[in-house]
Amino acid sequence: MINQIKTVGGTEAQKRSFYTALYRCYERMVDITEDGQYYSGYDKQIHKTTRPFYVDDWSWDTYLAHHPLRTILNPEQEGDMMNSYVNMYIQSGWVPTFPLLFGDNPCMNGFHSSITFLDAYRKGIRSFDVKKAYEGMLKNANEATMLPWKNGPKGELEDFYYAKGYFPSLKKDEKETVAEVHSWEKRQAVAVTLGHSYDDWAVAQMAKELGNDQDYTKFIARSNNYKNLWDSKTQMFLPKDKDGNWVDIDPKFDGGMGGRDYYDENNGWTYLWQVQQDVKGLIGLFGSEKSFENKLDQLYREPLGRSKYENWAKFPDATGMVGQFSMGNEPSFHIPYLFNYTASPWKTQKHIRFLLDTWFKDNVFGIPGDEDGGGMTAFVVFSSMGFYPVTPGIPVYTIGSPVFQNVTIDLPSGKKFQLIANNCSVVNKYIQSAKFNGQVLNTPWFTHEQLVAGGKLELEMGAKPNKAWGVSK
């Protein structure tokens with residue numbers, strides 16, 4: 001399986017980092033069928049089956065790059081995994097948020113299974129009961145608790161969210177009033193609002209695919225809820241209390257351990273960019289593309305404002321730091337690629353190469369945070385090859401800076417996708433020009449359809465950026 005992606009060029013260190021990353025992408029999910037049957041922790045029953053039943057998926061992490069990578073390398077297996085998700089819904093009554101061997105462990109927040117279902121569907125993977133999957137997506141979105149680390153039906157905070165369009169935060173030093181809130185994980189009010197905006201977007205898009213206009217209208221409106229926590233003065237997503245008043249916080253540091261009163265494992269600088277489903281809408285909140293780009297620049301040079309010891313004591317998951325950018329935690333993966341939405345795609349090329357070289361070396365320090373069962377190293381695989389899925393659910397890839405002169409993916413169909421980076425080296429990391437299937441390519445995007453058809457992307461690389469190439473229009 002490792003030989004499915006063949007590389008030419010790059011340093012020995014880059015090859016070791018790449019192939020060990022690819023190897024770790026095969027850790028999850030895990031097929032627990034044996035002799036045509038399996039015991040399910042979702043209904044505590046033994047089931048006979050002719051298909052694999054997969055468990056152990058860390059969905060908050062894997063929806064970003066791990067599942068999208070599998071849609072390329074092994075779409076049949078991805079279909080079996082989506083079928084397992086559907087069976088979990090049938091057996092337990094809920095689509096899982098973090099499906100483990102013993103059942104759903106509601107780690108983290110969000111219903112990102114909805115995004116994974118949509119991404120698979122839009123990439124032509126239909127070997128699961130799509131209608132039943134959509135039924136489960138709807139049930140989660142309409143009836144399940146949104147509280148982090150909780151399973152079960154909705155409560156008063158969900159009803160507030162449906163009515164007001166944001167998850168309410170407590171005021172500073174206000175004691176918790178809702179018994180169901182996890183005593184350690186807290187409300188994570190901003191993170192929950194942002195995450196569910198993406199999840200609701202996925203429900204809306206699946207509704208559209210299935211011709212359900214009423215559901216589409218409802219959930220596409222709800223997918224804009226992230227805008228309700230935008231503070232134009234600070235250019236940050238900040239918490240609001242139940243009365244609609246801003247909670248005055250330092251988005252770098254407030255919120256208790258891991259910032260969990262407002263965010264989750266990361267601070268406001270990381271969650272500022274958690275709108276993958278509507279990057280153009282996020283740019284609109286900044287007022288201009290240039291303001292958006294300036295804030296991205298600031299992210300990488302913004303100081304901690306305190307000692308590293310003090311910062312890590314509260315944010316132990318915020319590792320691999322470059323300014324306020326945290327390479328060691330999954331919500332950051334797409335951020336360096338956001339320059340491709342601006343007039344400076346060359347900055348994506350610059351940052352990707354720097355991040356790969358700095359934080360993913362071929363030694364014991366080569367994983368800057370929790371590996372999360374392939375969740376993190378899928379970022380390394382994509383980024384080393386030279387492209388990345390910014391928005392799972394939209395079957396499009398954006399171009400970064402490959403570390404190899406030639407990458408060939410043997411596709412399950414028998415076709416090959418090839419990415420050639422002429423003159424690529426440690427120094428020559430900037431794209432000078434590009435062609436796709438021999439045609440000039442002036443934008444840093446190509447589609448999943450082009451990839452699986454056996455496309456050929458050819459880049460000319462150089463030591464200095466061509467600031468005119470790939471400019472978003």
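Enclosure of atom CD in Glu449 is not indicated, since only 12 or fewer non-hydrogen atoms of other residues, nucleotides or ligands lie within 6.0 angstrom. Other residues, nucleotides and ligands contribute at most 12 non-hydrogen atoms within 6.0 Å of the NZ atom of Lys456.
In this structure the side chain of Asp357 never reaches within 4.5 angstrom of the side chain of Val403, judged on heavy atoms. Contact check for Arg28 versus His66: side-chain heavy atoms found under the 4.5 Å cut-off. Looking at Met88 and Val95, their side chains never come closer than 4.5 Å, going by heavy atoms from C-beta outward. Side-chain atoms of Asn423 and Ser425, non-hydrogen and from C-beta on, never get closer than 4.5 Å to each other. Looking at heavy atoms from C-beta onward, Ile90 lies in side-chain contact with Val86 at the 4.5 angstrom threshold. Considering only heavy atoms from C-beta on, Pro331 comes within 4.5 Å of Trp60 through its side chain. Residues Gln205 and Arg122 meet the side-chain proximity criterion, which asks for heavy atoms closer than 4.5 Å.
Between Glu27 and Arg24, no side-chain nitrogen of the basic residue sits less than 4.0 Å from a carboxylate oxygen of the acidic one, so the salt-bridge criterion is not met. In this structure, Glu185 pairs ionically with Arg260, as a charged nitrogen and a carboxylate oxygen lie closer than 4.0 Å. Remark: Arg301 does not engage Asp297 in a salt bridge, criterion side-chain N to carboxylate O under 4.0 Å.
Between the CG atom of Asp372 and the CH2 atom of Trp58 there is a distance of 6.0 Å, given to the nearest 0.5 Å. The line from CE of Met385 to CZ of Phe404 is 9.5 Å long, rounded to the nearest 0.5 Å.
Between Phe379 and Phe360, the ring planes lie tilted relative to each other; the angle falls in the 30° to 60° range.
Listed by first and then second residue, the salt bridge (charged side-chain N to carboxylate O under 4.0 Å, His left out) pairs that reach into residues 416-440 are Asp410-Lys416, sequence neighbours excluded.
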message = Walk me through whether Met81 and Asn83 qualify under side chain to side chain contact (heavy atoms under 4.5 Å, CB included).
response = CA-CA 5 Å; Met81 291 176 182; Asn83 182 67; over 6 Å; no
inquiry  = Walk me through whether Tyr337 and Tyr388 qualify under ring-ring contact (aromatic ring centres under 6.0 Å, His included).
reply    = CA-CA 8 Å; Tyr337 289 97; Tyr388 189 77; 4.9 Å; yes
query = Tyr262 and Tyr271: ring-ring contact (aromatic ring centres under 6.0 Å, His included), yes or no, with the steps?
reply = CA-CA 10 Å; Tyr262 316 119; Tyr271 281 93; over 10 Å; no
ask   = What do the steps show when you test Phe128 against Phe117 for ring-ring contact (aromatic ring centres under 6.0 Å, His included), and what is the final call?
value = CA-CA 9 Å; Phe128 61 98; Phe117 276 138; 5.6 Å; yes
task = Would you sort out whether Phe325 and Trp273 count as a ring-ring contact (aromatic ring centres under 6.0 Å, His included), showing the intermediate values?
result = CA-CA 11 Å; Phe325 175 81; Trp273 315 99; 9.9 Å; no
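A side chain to side chain contact (heavy atoms under 4.5 Å, CB included) with Leu101 is found for exactly one of Asp56, Val30, Ile32, namely Ile32. His196 pairs in a ring-ring contact (aromatic ring centres under 6.0 Å, His included) with only one of the listed residues (Phe167, Phe111, Phe219), which is Phe111. The only member of Cys107, Pro99, Ser113 that meets side chain to side chain contact (heavy atoms under 4.5 Å, CB included) when paired with Ser59 is Pro99. Checked against Tyr198 for a side chain to side chain contact (heavy atoms under 4.5 Å, CB included), the options Pro392, Ser223, Ser114 give a single hit: Pro392.
Every residue was checked against the side chain to side chain contact (heavy atoms under 4.5 Å, CB included) condition with Asp35, not counting sequence neighbours, and none meets it. Residues forming a ring-ring contact (aromatic ring centres under 6.0 Å, His included) with Tyr38 (at least two apart in sequence, or on another chain): His47, Phe53. Applying the ring-ring contact (aromatic ring centres under 6.0 Å, His included) rule to Tyr226 yields no partners; only residues at least two apart in sequence or on another chain are considered. Taking Trp346 as the reference, nothing meets the ring-ring contact (aromatic ring centres under 6.0 Å, His included) condition, with sequence neighbours excluded. With sequence neighbours left out, the ring-ring contact (aromatic ring centres under 6.0 Å, His included) criterion links Phe417 to Phe387, Phe446.
Inspection of the Glu78 and Thr71 side chains reveals no N or O donor paired with an N or O acceptor under 3.5 Å. No hydrogens or angles considered: a donor-acceptor pair under 3.5 Å links the side chains of Gln188 and Asn109. The closest side-chain donor-acceptor pair between Asp199 and His112 falls under 3.5 angstrom.
The nearest pair of heavy atoms linking Phe315 to Glu265 is CD2-O, 3.8 Å. For the pair Ala202 and Met137, the tightest heavy-atom approach, listed with the atom from each and the gap, is O-CE, 3.9 Å. A pairwise comparison of heavy atoms in Tyr134 and Ala207 identifies OH-CB, 3.2 Å as the closest pair.
Between the side chain of Asn363 and the backbone N or O of Phe365, at least one donor-acceptor pair lies under 3.5 Å. In this structure, Glu143 contributes its side chain and Lys154 its backbone to no donor-acceptor pair below 3.5 Å. Judged by distance alone, with hydrogens and angles left aside, the side-chain atoms of Thr447 form a donor-acceptor pair with the main-chain N or O of Gln450 at under 3.5 Å.
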